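Below, chain A is the first sequence line, B the second, and so on; all start at residue 1. Just so it is clear, the structure is predicted and the values come from calculations on it, not from any experiment.
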Amino acid sequence: MAATRSTIKSLLRDGQPGSDVHVAGWVRTRRDSKQGFSFIELNDGSCMANLQIVVDAATPGYEDAIRRVTTGASLRIVGTLRESPGSKQRVELHASTFDVLGEADPAKYPLQKKGHSFEFLREIAHLRPRTNTFGAIARVRNCVSYSIHRFFQQRGFLYIHTPIITTSDCEGAGEMFQVTTLPLDRLAEGTPTKTVDYGHDFFGKRASLTVSGQLEGEIYATAVGPVYTFGPTFRAENSNTPRHLAEFWMVEPEMPFFDLDDNMALAEEFIKTIIQDALSECAEDMAFFNERIDKTVLATLTHILEHEFKRVSYTEAVDILLSAGRDWEYPVAWGHNLQAEHERFLTEQHFQQPIIVHDYPRTLKPFYMKCNDDGQTVRAMDVLVPRVGEIIGGSQREERLDVLLTRMGECNLDPAEYWWYGDLRRYGTVPHAGFGLGLERMLLLLTGMQNIRDVIPFPRTPRNADF
RNA sequence: UCCCGGAUAGCUCAAUCGGUAGAGCGAGCGGCUGUUAACCGCUAGGUUCUAGGUUCGAGUCCUAGUCCGGGAGCCA
């Protein structure tokens, strides 16, 4: 008898007929033959495919146990691997013993053998990873995460860390920070002093959750060379769309001695590497997405790999839109933000591939982006991909102290608040650049999934932080 | 936050003009079968999102609210 548990993935790939093996997992479905045996489809999450278990009625305890083998139940099986006469699998496991570890009442278990809407599955986020789709998403998300680390580690980047949030009050180990978007300043108007004295707060000043690790990334990038952050990021915007989360994961590399062209080249190589890794390491899951979620996703990804991302300046983009010969819901004019309809036209219809729009008007972008000599634009870049839209935003950073201070003035920021950011320019300033990649948007591109709430295990959106 | 649309069985949905609440899937039971989205038969399963209102009568019409989806803005 095999004492060590094998994964279903390894058995389906390498399992030899005649070998004794031990598996455990969750029942997807059971089919009985009254001629004296039952078929069980077992899944352990190691791969998309199930292992077919054949249980003979002569197996010890069969009569009593087989009734408890229902969809969702957990099982441990010991038996012998054999070639399968069926056409849908190479091998199957003939059980010599099987134990029901945990039952799943079929009258109550929410997951049925047939498909469920993603909206329904969001309500049972604790069970949805037991479905084909969410198991595949979990594996691809893991693959992408590893691919990201490998990409930067192979290039000598240092990984810098970032924080975490929870609404659960059952972690047990003491007082927790309250996070709120309630207007405390206004609530304070009903108090005698009519002010919130953050001096008495934990940090002695008003504190928030991070919306980006970029500025801190610059600190290390101008000390130890290229770095990247990869962690959760929080935005309290009241955004209710299939592309926004209040808590999402972002990758932010920051590179000294990089200009915008270097930045764009790295971003393109980065995205293509992630796609390549997902296709080669999660082939079975990717085939599933192409078959069941979006029949164009593999062709789209292959097309992306085979073409260079088109560089288009903001000014060129505006010209293209103005000469497109069609009406826009939002008028196109230099100096205005590109609207979603404009971005979609450019990447989905005009170029039909990912594009990098660069050198935006300075009035549209934050203070830290490097100003061009034309006095009108900054060295910003957005990577736009079909269907998903903006997947990367980045820029070359302004390394000239005087220009930076001027820009802070234009943006009504107090340079004293950013004294340390200024110091990076006062002492040994260097040209540098970086960008941010939204992990979940990358997953939308890879999987063909429509809603960003379905590519993160536990989505946080306005009015929703369950599980 | 704004503009649309929606909420009916465990799930996905139907219900004509305001007139007895239906189907498929799932579940239970039985049959059949080296099966594999199995198949065939029978049975059970409903506070029609909530609170008001109109009406002889409301799933259906009106008002308010809650939640969900799509689009927009913000962005990654």
Touch check for [X], heavy atoms < 4.0 angstrom, all strands: base, sugar-phosphate only, or nothing?
| X | value |
| --- | --- |
| Y109(A) | nothing |
| P110(A) | nothing |
| R28(A) | nothing |
| Q89(A) | base |
| Q450(A) | nothing |
| S84(A) | base |
| G86(A) | base |
| F248(A) | base |
| N240(A) | base |
| S239(A) | base |
| L439(A) | nothing |
| E119(A) | sugar-phosphate |

Ring centroid separation [X] to [Y] under 6.0 Å:
| X | Y | answer |
| --- | --- | --- |
| F230(A) | Y159(A) | no |
| Y368(A) | Y421(A) | no |
| F152(A) | F270(A) | yes |

Inset, instruction - Mind calculating the distance between CG (L437(A)) and P (C75(B)) to the nearest angstrom? - result: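 In whole Å, C75(B) P and L437(A) CG are 18 Å from each other.
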Legend entry - For atom CZ of R30(A) and atom P of U36(B), their distance in whole Å: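 Rounded to the whole Å, the gap is 15 Å.
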Legend entry - Listed nucleotide nearest any side-chain atom of F37(A), set G69(B), G34(B), U12(B):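 My answer, after comparing the listed nucleotides, is G34(B).
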Legend entry - Proximity to the side chain of R463(A) - top-ranked nucleotide from U1(B), G34(B), C67(B):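 The closest nucleotide is C67(B).
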Check this for me: does the side-chain of [X] come within 3.5 Å of the base of [N] through a donor and an acceptor?
| X | N | answer |
| --- | --- | --- |
| H116(A) | C11(B) | no |
| R441(A) | C75(B) | yes |
| N50(A) | U36(B) | no |
| E237(A) | U1(B) | no |

Inset, instruction - May I ask you to say whether K370(A) pairs ionically with D259(A), meaning some side-chain N is under 4.0 Å from a carboxylate O? - result: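 No, this pair does not count.
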Legend entry - N-O pairing of E254(A) and R397(A) below 4.0 Å: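 Yes, this pair counts.
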Legend entry - Criterion side chain to side chain donor-acceptor pair (under 3.5 Å) against Q52(A), the qualifying member of K88(A), R31(A), H94(A):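 Single pass found, and it is R31(A).
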Legend entry - Who pairs with G26(B) - Watson-Crick or G-U, where each distance is under 3.5 Å: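 In the structure as shown, G26(B) has no Watson-Crick or wobble partner.
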Legend entry - Pi-cation contact, Y360(A) with K365(A) (under 6.0 Å, within 45°):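 Verdict for Y360(A): a cation-pi partner in K365(A).
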Legend entry - Lys/Arg cation over aromatic F118(A): R122(A), 6.0 Å, 45° cone: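 No, R122(A) does not lie over the aromatic ring of F118(A).
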For nucleotides 38-44 of chain B, list the nitrogen or oxygen atoms of the protein found under 3.5 Å from its nitrogen or oxygen atoms, one pair per line.
none

